[in-house]
Amino acid sequence: MNHKLVAIALLGAALLAGCTKPSTPTPNPTPGTQTEFGRLQALKPGTQDTINTKLKVNIVFVGYRQTLPGQVATARQISTADFDQTLPGTYDAVNRIPSAYGRTEKTGTSFDFDYNYVFANQAFEDDFFKFLSDNGKAANLTVQQGVYNCQGANPETGVPDCETPAGNINRVITGNHQIDALQTENWLADNVGRVGVKPGEYTIYFVNWYDRPDFKFHSYTRLDAADTDTKEPFGARGSRRLIAWGGSARTGAPAQRVWFYDLSANPDPWTDAFDVTNADVDGDGAPDYRMPPIWEYGTRKASIGYGRKVSPDLALVARYTAINLLFTPSPIYRAALTPPEMPDTINLDVHVEQGDGAADPVTVLNKTLLQDRVKVLQPFATFKQTSKTTALDGDLADVYKCFFGVSEDTCSPDYADFSGEKLFQFGVKELRETYKTTPAGTYNLPIYLFNDSTNSQGGLLGVAYDDGETGTQSFVYSFLTPDLFDFGYGFTDTTVHETGHHLSLSHPHDGYDSEQNISYGPSGDFHFVNTGDQSATIMSYNDLSRTFGQFNLDSQYRYLTAAYLNNTNAILELVRRANKAGTVSSAAQSADSKFVQAKTKYDALDYLGAAQLAHEGYRSVLNAAKNAGVPVTAYKWYENLNGLEGLSVGQGAKMRFSPTFKAQTGVVAFPEETAYQRKLRLSK
């Protein structure tokens with residue numbers, strides 16, 4: 001080989017390489033999609049879009065032990081495989097009542113879940129259970145704890161007075177250490193860093209004090225909870241003792257998203273878990289699945305705990321209560337109210353229908369608190385209020401009585417809702433008159449308060465009605481009778497609750513599972529989800545909260561962010577069809593930037609900040625479209641009704657309505673309240 005020639009060749013190649021111009025790197029493509037409004041990243045004109053986010057959920061076990069590899073899981077041990085098999089991977093929210101009319105309507109919010117399992121260490125457990133021991137107070141057993149011991153009560157007195165405890169229970173409750181639920185939630189929220197959780201993340205604490213030598217029979221309370229108007233101390237009632245709590249919004253503090261669930265507390269009265277003998281507790285003929293107290297798991301006795309393991313049950317609670325109903329629920333109504341033009345002003349149009357001799361409205365309704373409490377659900381609208389009082393007599397009394405189903409002949413037999421139709425049409429007539437003098441951009445939210453001097457009905461407190469055709473929210477009705485007043489109820493809290501429905505929010509005890517496409521509530525296989533009421537929200541039925549909690553606010557601000565996004569998309573499509581895209585393109589570009597920023601805040605759990613930016617983007621596009629002469633019309637449900645003026649209902653879709661809370665495939669509308677729930681709510 002001629003080494004000299006090879007060296008010369010290599011040198012030449014090197015020189016040529018040094019003289020070669022470096023290749024230009026391929027530029028990154030500009031993000032987004034080219035449209036008539038320019039390149040947009042977040043906005044999609046004419047499209048119903050969904051904001052998808054990855055959501056971390058921490059599941060922390062305190063006082064539970066994990067099954068070791070290769071070992072058989074015992075009744076009270078935790079296997080995370082049970083959770084992996086049960087928990088959802090995703091959630092896609094729907095507007096429940098509009099969807100019940102036959103066309104599934106997406107809310108525009110979806111989630112991909114990331115689960116983090118944590119077993120608290122000994123130091124954390126020691127400190128937490130010391131906190132429970134030090135901060136509780138000894139109290140008498142509640143009636144419900146006594147019923148557990150006896151597995152029944154004296155049929156004449158309603159009091160458990162057995163001389164010998166029931167033979168089929170595993171432990172006799174011998175004490176009642178009362179602990180404040182809110183203080184407990186706050187302690188757990190303040191100490192999340194000790195279990196490796198970031199403050200503000202969604203976190204479930206599953207608690208078990210029972211398997212420790214320092215265990216005390218205990219119950220959680222909200223003793224200071226009282227009705228706003230009557231000051232009735234609902235929190236002092238045995239029926240309001242808790243095994244779970246969370247979702248409180250702390251004034252002046254960062255958001256805390258903690259919910260704890262303690263099966264070692266008093267057998268849960270809100271799901272009749274103190275009855276471990278009878279399968280069917282609500283009387284509908286079907287077994288009701290509920291979680292017994294922790295010491296009943298693995299029992300060999302004739303109890304609902306026989307053959308049960310706690311780990312799969314806790315996985316059910318995590319999915320069907322905490323995640324589906326508290327953390328990422330589906331709303332019952334559209335948060336947009338009047339798409340595509342959402343209102344600037346919301347007027348609470350309060351009608352007090354006063355029965356002769358009924359309680360003085362001033363003593364049972366605080367209008368200022370009503371407005372202050374509900375305005376957080378639409379923080380970018382201006383709230384105002386109008387009010388009038390009329391006598392509950394004459395034609396108004398007739399339509400009111402029809403609402404409670406006197407007979408088909410005297411009400412509206414030609415209508416699908418024979419009992420409610422007359423009251424509905426009465427309200428529509430008044431609402432149409434009101435809108436004749438209502439400024440543009442103002443939404444009238446009609447609230448009817450029936451202050452009856454007679455016990456004309458069986459105990460219904462209120463309902464948030466829809467339009468009967470499209471599932472659009474229509475009227476808020478609240479009811480007060482002497483019996484309800486004597487029990488401790490006024491109008492303010494009920495009306496806040498029902499207005500919360502009108503503005504979109506669901507109960508924390510019924511909802512929808514999007515992966516399985518089922519609607520369910522506290523009945524049958526899902527009876528245990530009534531523990532969703534054991535959270536800080538006035539949307540529950542246990543009368544322990546007066547305001548909307550952190551979980552409510554998170555959900556509502558997510559719904560609003562999606563509503564602003566999709567109504568902006570709709571307005572841009574109207575602009576495109578009007579051939580005005582060039583005029584509005586600058587506003588569209590600016591709004592698109594706002595929505596990109598909103599998504600960043602949304603992913604970081606700053607839902608109010610996301611909604612604020614989304615509102616700004618939406619408003620700029622709406623204003624630009626109007627300035628360009630593009631007509632953008634708010635939806636007016638009261639002008640789009642079939643079957644009024646004496647015509648029978650024959651058009652439109654039929655709503656899928658269930659009179660019970662039994663689980664069903666698809667999206668259905670559930671009742672405001674069942675007979676069982678009313679009995680529970682009216683219990684001591």
Side-chain angles (χ1 to χ4, degrees), residues 95-98 227-229 249 329 331-338 342-353 361 364-388 423-424 427 430-431 434 438 442-451 460-467 471-480 484 489-508 510 533 536-541 543 545-549 551-553 555-557 559-560 563 637-638 669 671-673:
N95 296 327
R96 291 170 56 197
I97 291 182
D227 185 88
T228 294
D229 304 314
I332 62 168
Y333 288 125
R334 304 178 191 99
L337 297 177
T338 58
M342 297 166 68
D344 299 315
T345 301
I346 296 175
N347 176 47
L348 302 180
D349 188 16
V350 179
H351 302 248
V352 179
E353 315 300 0
V364 292
L365 175 65
N366 189 320
K367 297 175 184 176
T368 301
L369 282 181
L370 167 63
Q371 182 168 319
D372 286 345
R373 289 174 179 174
V374 302
K375 68 183 182 182
V376 296
L377 299 183
Q378 286 280 347
F380 313 113
T382 300
F383 274 75
K384 65 177 186 176
Q385 189 172 158
T386 54
S387 178
K388 71 174 184 177
L423 181 56
F424 178 80
E430 287 202 331
L431 189 61
T434 299
T438 297
T442 295
Y443 176 80
N444 285 303
L445 200 166
I447 299 170
Y448 284 84
L449 310 181
F450 294 92
N451 195 12
L460 181 66
L461 284 173
V463 64
Y465 236 51
D466 73 283
D467 68 347
T472 299
Q473 53 267 68
S474 60
F475 300 106
V476 166
Y477 300 141
S478 290
F479 308 106
L480 192 61
L484 289 170
Y489 289 114
F491 271 129
T492 303
D493 297 333
T494 299
T495 308
V496 172
H497 173 107
E498 300 302 339
T499 305
H501 280 319
H502 186 99
L503 295 175
S504 88
L505 294 180
S506 295
H507 293 134
D510 63 77
D533 274 2
T537 171
I538 198 168
M539 301 311 296
S540 76
Y541 263 35
D543 308 302
S545 297
R546 310 294 143 210
T547 58
F548 302 101
F551 300 147
N552 295 144
L553 300 179
S555 296
Q556 183 72 2
Y557 300 154
Y559 305 152
L560 285 174
W637 67 266
Y638 53 89
E672 174 68 24
E673 181 177 66

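Residues Gln556 and Ser504 bring a donor and an acceptor atom of their side chains to less than 3.5 Å of each other. No hydrogens or angles considered: a donor-acceptor pair under 3.5 Å links the side chains of Arg373 and Thr228. Lys384 and Thr345 are not linked by any side-chain donor-acceptor pair at a separation below 3.5 angstrom, with hydrogens and angles left out of the test. No side-chain donor from either of Asn444 and Thr434 sits under 3.5 Å from a side-chain acceptor of the other. Side-chain atoms of His507 and Glu672 include a donor-acceptor pair closer than 3.5 Å. Thr386 and Asp349 are linked by a side-chain donor-acceptor pair at a separation below 3.5 angstrom, with hydrogens and angles left out of the test. Side-chain contact annotation: Ser478 with Thr494, donor-acceptor N/O pair under 3.5 Å absent. The closest side-chain donor-acceptor pair between Asp467 and Ser474, if any, does not fall under 3.5 angstrom.
Counting only heavy atoms from C-beta outward, the side chains of Arg334 and Ile97 never approach each other to under 4.5 Å. Residues Ile332 and Asn95 have side chains not in contact (no heavy-atom distance under 4.5 Å, counting atoms from C-beta outward). Between Val350 and Pro446, every side-chain heavy-atom pair lies at or beyond the 4.5 Å cut-off. Between Val374 and Phe383 the shortest side-chain heavy-atom distance falls below 4.5 Å. At a threshold of 4.5 Å between non-hydrogen side-chain atoms, the residues Asp344 and Phe380 do not count as touching.
Minimum interatomic distance between Pro379 and Tyr557 (heavy atoms only, all atoms of both residues): CG-CE2, 3.8 Å. In terms of heavy-atom proximity, Gly471 sits nearest to Pro98 at O-CG, 3.3 Å. The heavy-atom pair separating Leu484 from Leu460 by the smallest distance is CD1-O, 3.7 Å. Heavy-atom minimum distance, Leu431 versus Trp637: CD2-CZ2, 3.5 Å. Closest of all the heavy-atom pairs between Ala249 and Gly549 is CB-C, 4.5 Å. Of all heavy-atom pairs between Ala336 and Pro343, the closest is O-CD, 3.9 Å.
Side chain of Asn366 to backbone of Leu369: a donor-acceptor contact under 3.5 angstrom is found. No donor-acceptor pair closer than 3.5 Å links the side chain of Asp466 to the backbone N or O of Thr472. Panel note: side chain Ser545, backbone Thr547; no donor-acceptor pair is recorded below 3.5 Å. A donor-acceptor distance shorter than 3.5 angstrom exists from the side chain of Thr495 to the backbone of Phe491, with no hydrogens or angles considered. For the pair Gln378 (side chain) and Ala335 (backbone), a donor-acceptor distance under 3.5 Å is present.
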TODO: Show your working on side-chain contact (heavy atoms from CB on, under 4.5 Å) between Asp227 and Asp493 and close with a plain yes or no.
DONE: CA-CA 7 Å; Asp227 185 88; Asp493 297 333; 3.3 Å; yes
TODO: Begin with the C-alpha distance, continue with both residues' side-chain angles, and end with the deciding distance and a verdict on side-chain contact (heavy atoms from CB on, under 4.5 Å) for Asn347 and Thr438.
DONE: CA-CA 10 Å; Asn347 176 47; Thr438 297; over 6 Å; no
TODO: Applying side-chain contact (heavy atoms from CB on, under 4.5 Å), run through Leu449 and Val476 and close with a yes or a no.
DONE: CA-CA 8 Å; Leu449 310 181; Val476 166; 5.9 Å; no
- [ ] Show the numbers, then the answer: is there a side-chain contact (heavy atoms from CB on, under 4.5 Å) between Val463 and His501?
- [x] CA-CA 9 Å; Val463 64; His501 280 319; over 6 Å; no
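Ring planes of Tyr448 and Phe475: perpendicular class, angle over 60° (limits at 30 and 60°). Ring geometry for Tyr333 versus His502: interplanar angle of 30 to 60°, hence tilted.
The distance from the CG atom of Leu348 to the CG atom of Leu370 is 5.5 Å, given to the nearest 0.5 Å. Rounded to the nearest 0.5 Å, atoms CE (Met342) and OH (Tyr443) are 11.5 Å apart. Interatomic distance, Gln371 CD to Lys367 NZ, rounded to the nearest 0.5 Å: 11.5 Å. To the nearest 0.5 Å, the span separating CG on Leu377 from CG on Asn552 amounts to 7.5 Å. Taken to the nearest 0.5 Å, the CG atom of Asn451 stands 10.0 Å off from the CD atom of Glu353. Atoms CZ and OG1, from Arg546 and Thr537 in turn, are 11.0 Å apart once rounded to the nearest 0.5 Å.
Residues that satisfy the salt bridge (Lys or Arg N to Asp or Glu O under 4.0 Å) test with Lys375, not counting sequence neighbours, are Asp372. Partners of Asp543 under the salt bridge (Lys or Arg N to Asp or Glu O under 4.0 Å) rule, at least two apart in sequence or in another chain, are Arg240.
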